[in-house]
Amino acid sequence: MTNKNTEHSKIILGIESSCDETAAAIVQKLGNGVKILSNIVASSADLQAKYGGVVPEQAAREQLKSIIPVIKEAIHQSQLTIHDIDAIAVTQGPGLIGSLLVGVEAAKVLSLIWNKPLVPVNHLVGHFYANWIEDPGNGISSKYYGGKVNKNTLNTKYIFPVPTFPAIGLLVSGGHTDLILMKDHGVYEYLGGTRDDAAGEAFDKTARLLGLPYPGGPVIAKLAEQGNPKAFDLPRPMIHSGDFDFSFSGLKTAISQIVALNRDEIDKQAGSKFIKDLAASIQEAIVDVLVKKTVGAAQTHNIDQIVVAGGVAANQTLSEFLARAVLSVTPHIKLSIPSPKFCTDNAVYIATAAIFNYHPTENPLTIQANPNLSLAR
Ligand code: KG4
Ligand code: ZN
């Protein structure tokens, strides 16, 4: 994919509805990044948690309920009028078809009646653009590990350095785990990805085996804070495979065997040391593989910038281990990880992706939701 038209100082309304979040946001280009003018996210995650995961039809119904109020609120919060908005960006895929259709069809209608260009965005590419957001809370969004790293420096306020190209991009979300070589905005090469479960899925599925609520990632991360990550010797599938592919389904099998052998312990003692140790061991097994492959990709391709994105990028142990690995192996590598609040699904990064990859479709009505879009080509 090539992209000559990389930078536009526009105001863009982004719409995201790929799964169980309905989101709308307005952003404006600021320097090498973007400024957030509004950011609204409505989530049906609580409802999904009741069922232990996302129920596609229910997620789509919730999207329908939320889409108009969320867009309205995003415009209201920005204090702009429709006339100030230059274009609309919308997640085209991948995701759940029922959910995607709600956002895509709403965006098409608005594009038509407001007479605004419509930019379709690949949700997976969009995730990476969380690294180009200026965070009004602390003046930055991306954490930049230029110095000594310890628990405290993880919260240090760094200046706002947007990532530079070429970069190694690690996407770790609920449905995807991919490594790409980003040569420029919109120009990337696929290096590898998961052959079965995604990293987020590994968190969610092992959490479910332990009787923990959905989504499992944040719950496991919380329990892991008090657990011993060396307590269980869990598999690190494909860690030494020498390529950039991943496999996490073996972890699920290992945990189901441990659960079967320790049923009483797990049923009787929610929040026990046993569960905390297991959670810490699961988290470290996943993080070890992600870190090894990502730093390996940077070394193999001689790249000095790593960009991390996706819901699992909110995991503090992943940030910490990546930062340590980078510093110990190749200290010149810069690491960019978004603020946790921009790692999970939102419309700010969708609008931001459109700012840097401004390709409106000639006829907005031709845009079709595509649940199977990927980063691989
Ligand atoms: O990117 P995302 O919000 O949605 C998708 O596009 O898939 O990612 C959701 C995934 C879930 O699997 C969730 O368990 C995981 O991100 N996640 C985390 C954390 N926060 C969210 N995984 C590990 N640690 C976290 N703190
Ligand atoms: Zn996502």
Side-chain angles (χ1 to χ4, degrees), residues 16 18-21 45 48 52-54 56 59 91 93-97 99-100 122-128 130 168-180 188 190-210 212-221 224 234-239 241 243-256 279 282-294 297 306-315 317-319 321-322 337-338 340 343-345 349 370-377:
E16 152 65 35
S18 63
C19 190
D20 56 352
E21 264 91 27
Q48 313 298 335
V54 179
T91 298
L96 301 170
I97 184 64
S99 292
L100 285 168
N122 179 327
H123 178 85
L124 307 178
V125 174
H127 263 297
F128 283 109
I168 292 295
L170 170 70
L171 173 73
V172 272
S173 71
H176 294 81
T177 298
D178 293 306
L179 271 170
I180 58 172
Y188 57 85
Y190 185 75
L191 300 179
T194 185
R195 295 185 179 177
D196 40 58
D197 291 348
E201 217 171 345
F203 274 108
D204 296 339
K205 288 183 174 172
T206 52
R208 192 175 182 155
L209 288 168
L210 299 179
L212 301 170
Y214 173 88
V219 183
I220 291 210
L234 298 176
R236 268 90 171 139
M238 296 186 72
I239 196 163
S241 63
D243 56 17
F244 302 117
D245 283 343
F246 301 84
S247 166
F248 288 108
S249 63
L251 192 58
K252 196 176 53 192
T253 312
I255 298 302
S256 61
I282 291 168
Q283 175 173 266
E284 199 161 295
I286 296 170
V287 164
D288 274 350
V289 181
L290 295 174
V291 170
K292 169 95 178 158
K293 299 265 173 169
T294 306
I306 291 173
V307 180
V308 189
V312 181
N315 186 281
T317 300
L318 176 61
S319 301
F321 278 39
L322 261 176
I337 305 176
C343 289
T344 48
D345 289 347
Y349 65 64
N370 181 351
N372 301 317
L373 273 186
S374 73
L375 285 174
R377 52 208 60 242

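Just the heavy atoms: all of them, side chains too, but no hydrogens, waters or symmetry mates, feed the values below. Worth saying up front: this structure is predicted, and the values here are computed from it rather than measured.
Remark: Asp196 pairs with no residue by the salt bridge (Lys or Arg N to Asp or Glu O under 4.0 Å) rule, at least two apart or across chains. Tyr349 meets the ring-ring contact (aromatic ring centres under 6.0 Å, His included) test with His123, His127; sequence neighbours excluded.
Two residues are said to be in side-chain contact when any heavy atoms from C-beta on lie closer than 4.5 Å; Leu322 and Thr294 meet this criterion. Residues Leu96 and Ser18 have side chains not in contact (no heavy-atom distance under 4.5 Å, counting atoms from C-beta outward). Side-chain contact between Thr206 and Leu210 is absent, with no heavy-atom pair separated by less than 4.5 Å. Taking 4.5 Å as the limit, every side-chain heavy atom of Thr344 sits out of range of all side-chain heavy atoms of Glu21. Within the 4.5 Å cutoff, the side chain of Pro94 has no heavy atoms near those of the Asn370 side chain. Taking the side chain as every heavy atom from C-beta outward, Phe246 and Asp197 never approach each other to under 4.5 Å. In this structure the side chain of Ile168 never reaches within 4.5 angstrom of the side chain of Val307, judged on heavy atoms. For the pair Ser374 and Asp178, the minimum side-chain heavy-atom distance is 4.5 Å or more.
The backbone N or O of Cys19 sits less than 3.5 Å from a side-chain atom of Ser99, completing a donor-acceptor pair. Side-chain atoms of Asp245 come within 3.5 Å of backbone atoms of Gly193 as a donor-acceptor pair (strictly under, hydrogens ignored). Although no hydrogens or angles enter the test, the distance criterion places a donor-acceptor pair under 3.5 Å between the side chain of Asp204 and the main chain of Gly216. With Gln283 contributing its side chain and Ala285 its backbone, the two residues share no donor-acceptor pair below 3.5 Å. Thr177 places no side-chain N or O within donor-acceptor distance of the main-chain N or O of Ser173, the cut-off being under 3.5 Å. Here the side chain of Ser247 pairs no donor or acceptor atom with the backbone of Met238 at under 3.5 angstrom.
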**OP:** In sequence, state the C-alpha distance, the side-chain angles, and the governing distance for His176 and Glu201, and then conclude on side chain to side chain contact (heavy atoms under 4.5 Å, CB included).
**Re:** CA-CA 8 Å; His176 294 81; Glu201 217 171 345; over 6 Å; no
**OP:** Could you check Val308 against Val172 for side chain to side chain contact (heavy atoms under 4.5 Å, CB included), going step by step and ending with a plain yes or no?
**Re:** CA-CA 8 Å; Val308 189; Val172 272; 4.3 Å; yes
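Pro371 and Gly95 get closest at one heavy-atom pair: CB-O, 3.3 Å. Here the shortest heavy-atom pairing between Phe203 and Asn315 reads CZ-ND2, 3.9 Å. Of all heavy-atom pairs spanning Pro215 and Pro218, the tightest one is O-CD, 3.4 Å. The shortest non-hydrogen separation linking Ala198 to Gly175 is CB-C, 3.4 Å. Across all non-hydrogen atoms, the minimal contact from Ala314 to Cys343 is N-SG, 3.6 Å.
From Ile337, atom CD1 reaches atom CG of Leu318 across 6.0 Å, with rounding to the nearest 0.5 Å. The distance from atom CG of Leu290 to atom OG1 of Thr317, rounded to the nearest 0.5 Å, is 11.5 Å. Note: Ile282 CD1 to Ile220 CD1 = 4.0 Å, rounded to the nearest 0.5 Å. The distance from atom CG of Leu191 to atom CZ of Phe244, rounded to the nearest 0.5 Å, is 6.0 Å. Rounded to the nearest 0.5 angstrom, Lys293 NZ and Thr194 OG1 are separated by 10.0 Å.
A donor-acceptor pair shorter than 3.5 Å cannot be found between the side chains of Lys205 and Ser249.
Ion pairing between a basic and an acidic side chain is recognised when a charged N comes within 4.0 Å of a carboxylate O; Asp243 and Arg195 show such pairing.
Counted within 6.0 Å of CZ on Arg208, heavy atoms from surrounding residues, nucleotides or ligands total 12 or fewer; the atom is thus considered open.
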